[in-house]
Protein chains: 4
Amino acid sequence: MTEERRRRVPRRIREQQIIDVAVRVFSKRGYHAASVDEIAELAGISKPMVYLYLESKEGLFIACLRREADRLVRAFQDAAREAGRPDERLHAGLRAFFAFVAEHRDGWVVLYRQASELSESIAREVALARRAVLSQVAGLVRDGVREEGGDGRVQLREEDADFVAYSLVGAADSLTDWTERHPGQSPDGVALRLMNMVWVGMERVLRGETWSPEHG
Amino acid sequence: MTEERRRRVPRRIREQQIIDVAVRVFSKRGYHAASVDEIAELAGISKPMVYLYLESKEGLFIACLRREADRLVRAFQDAAREAGRPDERLHAGLRAFFAFVAEHRDGWVVLYRQASELSESIAREVALARRAVLSQVAGLVRDGVREEGGDGRVQLREEDADFVAYSLVGAADSLTDWTERHPGQSPDGVALRLMNMVWVGMERVLRGETWSPEHG
Amino acid sequence: MTEERRRRVPRRIREQQIIDVAVRVFSKRGYHAASVDEIAELAGISKPMVYLYLESKEGLFIACLRREADRLVRAFQDAAREAGRPDERLHAGLRAFFAFVAEHRDGWVVLYRQASELSESIAREVALARRAVLSQVAGLVRDGVREEGGDGRVQLREEDADFVAYSLVGAADSLTDWTERHPGQSPDGVALRLMNMVWVGMERVLRGETWSPEHG
Amino acid sequence: MTEERRRRVPRRIREQQIIDVAVRVFSKRGYHAASVDEIAELAGISKPMVYLYLESKEGLFIACLRREADRLVRAFQDAAREAGRPDERLHAGLRAFFAFVAEHRDGWVVLYRQASELSESIAREVALARRAVLSQVAGLVRDGVREEGGDGRVQLREEDADFVAYSLVGAADSLTDWTERHPGQSPDGVALRLMNMVWVGMERVLRGETWSPEHG
DNA sequence: CATGAATGAGTTTTCATTCAT
DNA sequence: GATGAATGAAAACTCATTCAT
């Protein structure tokens, strides 16, 4: 209604505006409960425009998915590039993650909290997006240890790195809820705590000091 | 249609049959995408029976939620009761968890993978159910460390136990996906691995050997 | 559940119990919104019994209709029998009406406030029941005037008596609502007031003193 | 299907078309028995349009209610404005009423024959609409008598005017049925008759010539 | 006499999607 | 580039009614 809105806006920008709104709505309501109507209204345009630009509800959701996954992957990469030592790299990655979630809660929810409810084609995209995130983490874990591996330590196999990556991402996701119940905690504080819990253990395990049910 | 199906079944049994089916369907499709029609058909009865016994779609979902949460909580308790040392107790808990998920995948999905899409009243129930699970884990963590605390170690504060519990549940949930990509792994194997990664680190951290960005 | 209810009750009595409840429910909810479920439950029996005794929802409603119409017609007749002069007869009829409504509000509602919503066969019954009530009133009006007619007055034709009867019943029904807004008023007071408004006019009109737009 | 129907119709007009049809259907079937399906079909559009424009079945019904009440109230006001003497005013009002019902039978039924079956929120609206109608009539009665009151007559109290209004509206409503059984009668004829029956009596009563059981 | 178990058919309502302008 | 008008399809839920016991 306002002049601002009525002004003809170039396609690229409109698309981003729509996706911005869509991420919020998909995050709040979940894929199925979200309605294109609401998204169009909040974006200040008519439904046909949404369909013109994004093709379908699925197309819109996939666009959201990709953009948020890209942003998070980039955040990981930027963090890893700046840090030096392997452990610092992982720590930087975790910090980047919690910072991302703190700032883009909705994006994370769209990426990781859309349940089983999705159609075949969307499920594929979700899998891809999550895989991209997990790869980043697995990379941080694997490369880090590989460098240290020079001195004769037991190296992490692919599978192990993957195991750790899944654990970390799962833990991080869950801590996202923990944070809501402990509002004082800064993203960096959470990252440090998680680092402590995992890295220290990882080091020792790599050195061969494993835990077993029969140990004393 | 078959005689078996047409036979009148007492309420208690029918209710369980309906819930059995519903857990499967809610797990596969998610709350919103699941249709009561499908659940009724798979249960071999008509929709009105579902409404007669379970009140509403929400009521049905909540019944599923509670039953699965109860089962999991009981699995934790049984496991903890049998084990002796604190670390063994946690290990037993983790084993119980992965065993549960291996056997009741659908139940776990209903419990932990229903996303943002839920109505106020359901969200409350979900929160309760998850809280019950987290409490069990936090209990295993806290009590375990408390016993060892006798020898002068730093004790885990409430908050820390909660932090670890959230991490563990999140990691375990995520590893649920990892398992699907590595079909050879037994639930017990996964539990042992996770135990190793976390417990060894926890012990050291409690002893004061923390990790920090500036350390060597 | 209580022994009282469980006791096998002879058909006639059960039927009356069911109709008692049904009148209340039909009155409160209207024919369509009333549910056989609710009626059965309030009557303390199972639905099949309702169907066994009253055949169908329509049958149940018609039974209600007839019983309440009978009661009201009888009330009119009793009143008319006791009174002497024609005007007193009408007055007694009106008093009987308002007394009936005060005591059997639900019955009146079932008789006169079930709207157009009814099926062909019910509509027929409703028409019959209302006709019976109107006949009583028209009788009071007509007979009353006829007696007085002996002295040379203009007699009320069939049509006129009917006109007055419709007016009176409609007014009386409407005053039923007025009474609710003026709780102090006794049924007898209302009857007297209505009598005053109508009878005095009727007398004069019969004598030829009509009102016309052009009169002074 | 025809081109006429397919043509896009602006909202305002469609809304009126829908309401037109809805008044007919609600009148014929009653609120509960009426189905939105039937209304949509008779209006030549699909159900979603009905919901888009009128919100819900309740919303649709309330829209009908308000429109018809407005129309009737306006008819009263127009009639009263034109007439001069108080008795003429009331007579004009009655004529307007019977003319309205003759032309908008369905509207009247929607206004006054929707029984006990209605939900809280609708009941409120119905009460409002009826109150509006009753106020018009009470106004005609009260104001009329007040003017004449100048010459020392007993004035009608609020309560009395209300009593008369309820009686008149109820009688008029009921005569609506009488008319159907006597098709020859013109609305104006009915109005005149009712006027005669009531006004002549009212005048006399105001003058103190009341009827009482004991009079001769 | 009495009932718990069961259902076919219908209701209101919502949604993703498209057409005509 | 933009939108108001329109719909097919499907969802949750309810109800009168009947069987088997």
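Worth saying up front: this structure is predicted, and the values here are computed from it rather than measured. Residue numbers start from 1 in every chain, and the chains themselves are labelled A, B, ... in the order their sequence lines are given, proteins ahead of strands.
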Item to check | Pair A/Asp37 + A/Lys47, salt bridge at N-O below 4.0 Å | outcome: yes
Next on the checklist: Without decimals, in angstroms, what is the distance between B/Leu60 CG and F/dC13 C1'?
Outcome noted: 13 Å
Item to check | Salt-bridge contact A/Asp20-A/Arg67 (side-chain N to carboxylate O under 4.0 Å) | outcome: yes
Checklist entry - When every nucleotide of nucleotides 16-21 of chain E is labelled 5' to 3' by its protein contacts under 4.0 Å (heavy atoms), B for base, S for sugar-phosphate only, - for none, what sequence of letters results? => result SBBBS-
Checklist entry - Think A/Arg130 forms a cation-pi with A/Tyr112, using NZ or CZ under 6.0 Å from the six-ring centre and within 45 degrees of its axis? => result yes
Next on the checklist: Can a donor-acceptor pair be found, under 3.5 Å and without considering hydrogens, that links the side chain of B/Gln114 to the backbone of B/Gly30?
Outcome noted: no
Checklist entry - Centre of A/Phe26's six-membered ring, under 6.0 Å away, within 45 degrees of the axis: is that where NZ or CZ of A/Lys57 sits? => result no
Checklist entry - Reckon B/Arg14 has a side-chain N or O less than 4.0 Å from the OP1 or OP2 of E/dG4? => result no
Checklist entry - For DNA chain E, what string of dots and brackets results from 5' to 3' when Watson-Crick and G-U pairs need both distances under 3.5 Å, crossing pairs get [ ], and pairs with another strand get |? => result .||||||||||||||||||||
Checklist entry - Roughly, in whole Å, what's the span from CD1 in D/Ile39 to P in E/dT11? => result 11 Å
Item to check | Check against side-chain contact (heavy atoms from CB on, under 4.5 Å), D/Glu125 and D/Phe61 | outcome: CA-CA 10 Å; D/Glu125 285 293 329; D/Phe61 184 75; over 6 Å; no
Item to check | Over 12 foreign heavy atoms within 6.0 Å of CZ, B/Arg66 | outcome: no
Checklist outcome for this item: For B/Val50 and B/Ile45 the tightest heavy-atom approach is CG2-CD1, 4.0 Å
Checklist entry - F/dA16 P sits how many Å from C/Ile122 CD1, rounded? => result 12 Å
Checklist outcome for this item: When rounded to whole Å, the CD to P distance for the pair C/Glu41 and F/dA16 reads 14 Å
Checklist entry - Can you tell me how far P of F/dA16 sits from CG of C/Leu54, to the nearest Å? => result 14 Å
Item to check | Between P of F/dT14 and CE of B/Met49, the distance in whole Å | outcome: 15 Å
Checklist entry - Given atom CZ of B/Arg12 and atom P of E/dG4, what is their separation to the nearest angstrom? => result 14 Å
Checklist entry - Which residue lies toward the 5' end of DNA chain E, B/Ser46 or C/Tyr53, if each is placed at its nearest nucleotide? => result C/Tyr53
Next on the checklist: Just to be sure I understand the rule, does B/Arg11 reach a base, reach only the sugar-phosphate, or reach nothing, if contact means heavy atoms closer than 4.0 Å?
Outcome noted: sugar-phosphate
Item to check | Spacing between D/Ile13 atom CD1 and F/dA6 atom P, to the nearest angstrom | outcome: 10 Å
Next on the checklist: Is there a side-chain contact between B/Ser46 and B/Met49 in this structure, where contact means two heavy atoms from C-beta onward sitting under 4.5 Å apart?
Outcome noted: yes
